[in-house]
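By convention in this document, chain letters (A, B, ...) are assigned in the order of the sequence lines, proteins followed by strands, and residues within each chain are numbered from 1.
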Number of protein chains: 2
Amino acid sequence: MNEKQNVEHLNFMRIAIEQAKKSRSEGGIPIGSVLVRDGMIVAKGHNKRVQEKNPILHGEMDCLNNAGRVGSYKECTIYSTLMPCYMCGGTIVQFNIPKVIVGENVTFEGSKEFMESHGVEVINMQLPECIAMMQEFIQKNPKLWFEDIGDL
Amino acid sequence: MNEKQNVEHLNFMRIAIEQAKKSRSEGGIPIGSVLVRDGMIVAKGHNKRVQEKNPILHGEMDCLNNAGRVGSYKECTIYSTLMPCYMCGGTIVQFNIPKVIVGENVTFEGSKEFMESHGVEVINMQLPECIAMMQEFIQKNPKLWFEDIGDL
């Protein structure tokens, strides 16, 4: 990854982090996502389990929901503040989204190997800000967190 | 599978097929789903890509959305008229839903092996009615079908 790409990734990840913080300010789970095509934002989203009482609206799913029917995803990149789980990773594989930029995978292992085994390029930025945001959330809301990842 | 279990599976699959037909009557994709716990229906759903312009609402996802925050899925079984794709199969794996009853996998291979490799029990009823419903739909709407499975 060259310097220009790194700056671009950081800029879009910044917007995903803003989405995560928006969710947190609403009493929700702080995970945000951005879908990008040709250097332009197609849609943004964040986890809405709490806000909409909806278990399928993880950050990436809400983002893809907000994007609507965009046709082919072959030129798209999806950003997420946290490594996608199997629901979100499965969606990325099924929708043929070729590239995922991830904030971190320290607090949640997610489905990196599964996505990569299906040809998805996964770039993990391992950002201290993303790690700290999730660590703080999980420490304060362990039950909600385990509910969100289906681990009850 | 004994006779009593088979009758139960057919009864719930009948309701999933009704959901699929409801979607078809609305101009949508004919795939339906039912979530069951302790022999009782928790929620029903069907594909809403066309109806709500929403790419993530496959039948199973709509059903789980309608079910809301149900806590643990460990005692649940999900029915689908078609073998779940990677989005829906990934969700089943992530949510720890232990059992999936499927209408058919002739028209779409789906993610059977992936789900089974994560310990999900997958029972395929291979019902001629489900096969015929999808064959007719795909023949009449190939572009919409390929859009729905991310194959554009």
Side-chain angles (χ1 to χ4, degrees), chain A residues 29 33 35 42-43 45 48-58 60-76 83-98 108-111 113-115 117-120 143-144 146-152, chain B residues 29 33 35 42-43 45 48-58 60-76 83-98 108-111 113-115 117-120 143-144 146-152:
Chain A
I29 300 170
S33 177
L35 185 70
V42 179
K48 289 181 179 159
R49 172 178 291 271
V50 173
Q51 295 92 322
E52 297 194 4
K53 298 179 178 61
N54 188 332
I56 69 168
L57 286 183
H58 280 192
E60 302 90 322
M61 303 301 282
D62 184 52
C63 180
L64 292 166
N65 178 0
N66 292 336
R69 293 171 64 182
V70 302
S72 171
Y73 295 87
K74 279 180 189 154
E75 306 299 325
C76 289
M83 184 63 75
C85 75
Y86 280 108
M87 170 169 69
C88 300
T91 305
I92 287 162
V93 166
Q94 190 65 48
F95 286 14
N96 275 308
I97 300 174
F108 180 64
E109 189 180 2
S111 66
E113 280 182 28
F114 162 72
M115 291 189 286
S117 76
H118 284 270
V120 179
K143 200 176 165 195
L144 178 56
F146 288 120
E147 181 191 338
D148 201 52
I149 55 172
D151 200 9
L152 291 176
Chain B
I29 300 170
S33 177
L35 185 70
V42 179
K48 288 182 178 158
R49 172 179 291 272
V50 173
Q51 295 93 321
E52 298 195 4
K53 299 180 177 62
N54 187 332
I56 69 167
L57 286 183
H58 281 193
E60 302 90 324
M61 304 301 282
D62 183 52
C63 181
L64 292 167
N65 178 1
N66 292 337
R69 294 172 63 181
V70 302
S72 171
Y73 295 86
K74 279 181 187 152
E75 306 298 325
C76 290
M83 185 63 74
C85 75
Y86 281 107
M87 171 169 67
C88 300
T91 305
I92 288 161
V93 166
Q94 189 66 48
F95 287 15
N96 275 307
I97 300 175
F108 179 64
E109 190 181 2
S111 66
E113 280 183 29
F114 162 72
M115 290 189 287
S117 75
H118 285 269
V120 179
K143 200 176 164 195
L144 177 55
F146 289 119
E147 180 190 339
D148 201 51
I149 55 171
D151 199 11
L152 290 177

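- B/Thr91 OG1 to A/Met61 CE: the interatomic distance, rounded to the nearest 0.5 Å, is 5.5 Å.
- Ranked by heavy-atom pairs under 4.5 Å with chain A, the list B/Ile149, B/Leu64, B/Val93 is led by B/Ile149.
- Neither the backbone nor the side chain of B/Ile97 comes within contact range of chain A; no heavy atom of the residue lies under 4.5 Å from a heavy atom of that chain.
- Contacts between A/Ile92 and chain B at a heavy-atom distance below 4.5 Å are absent for every atom of the residue.
- Listed options A/Ser72, A/Pro55, A/Gly89, A/Cys88 were ranked by heavy-atom pairs under 4.5 angstrom with chain B; first place goes to A/Pro55.
- Within the 3.5 Å criterion, the main-chain N or O of B/Asn65 finds no donor-acceptor partner in the side chain of A/Asn54.
- Taking the ring pair (Phe, Tyr, Trp, His ring centres under 6.0 Å) definition, one finds that A/Phe95 meets it with A/Tyr73, sequence neighbours left out.
- Contact annotation for B/Phe146: neither backbone nor side-chain heavy atoms come within less than 4.5 Å of a heavy atom of chain A.
- Distance check: B/Phe114 CZ to A/Ser117 OG gives 9.0 Å after rounding to the nearest 0.5 Å.
- Here the straight-line distance linking atom CD of A/Gln94 with atom CD1 of B/Ile56 works out to 14.0 Å at 0.5 Å rounding.
- Between A/Arg69 and B/Val50, some side-chain heavy-atom pair lies under the 4.5 Å cut-off.
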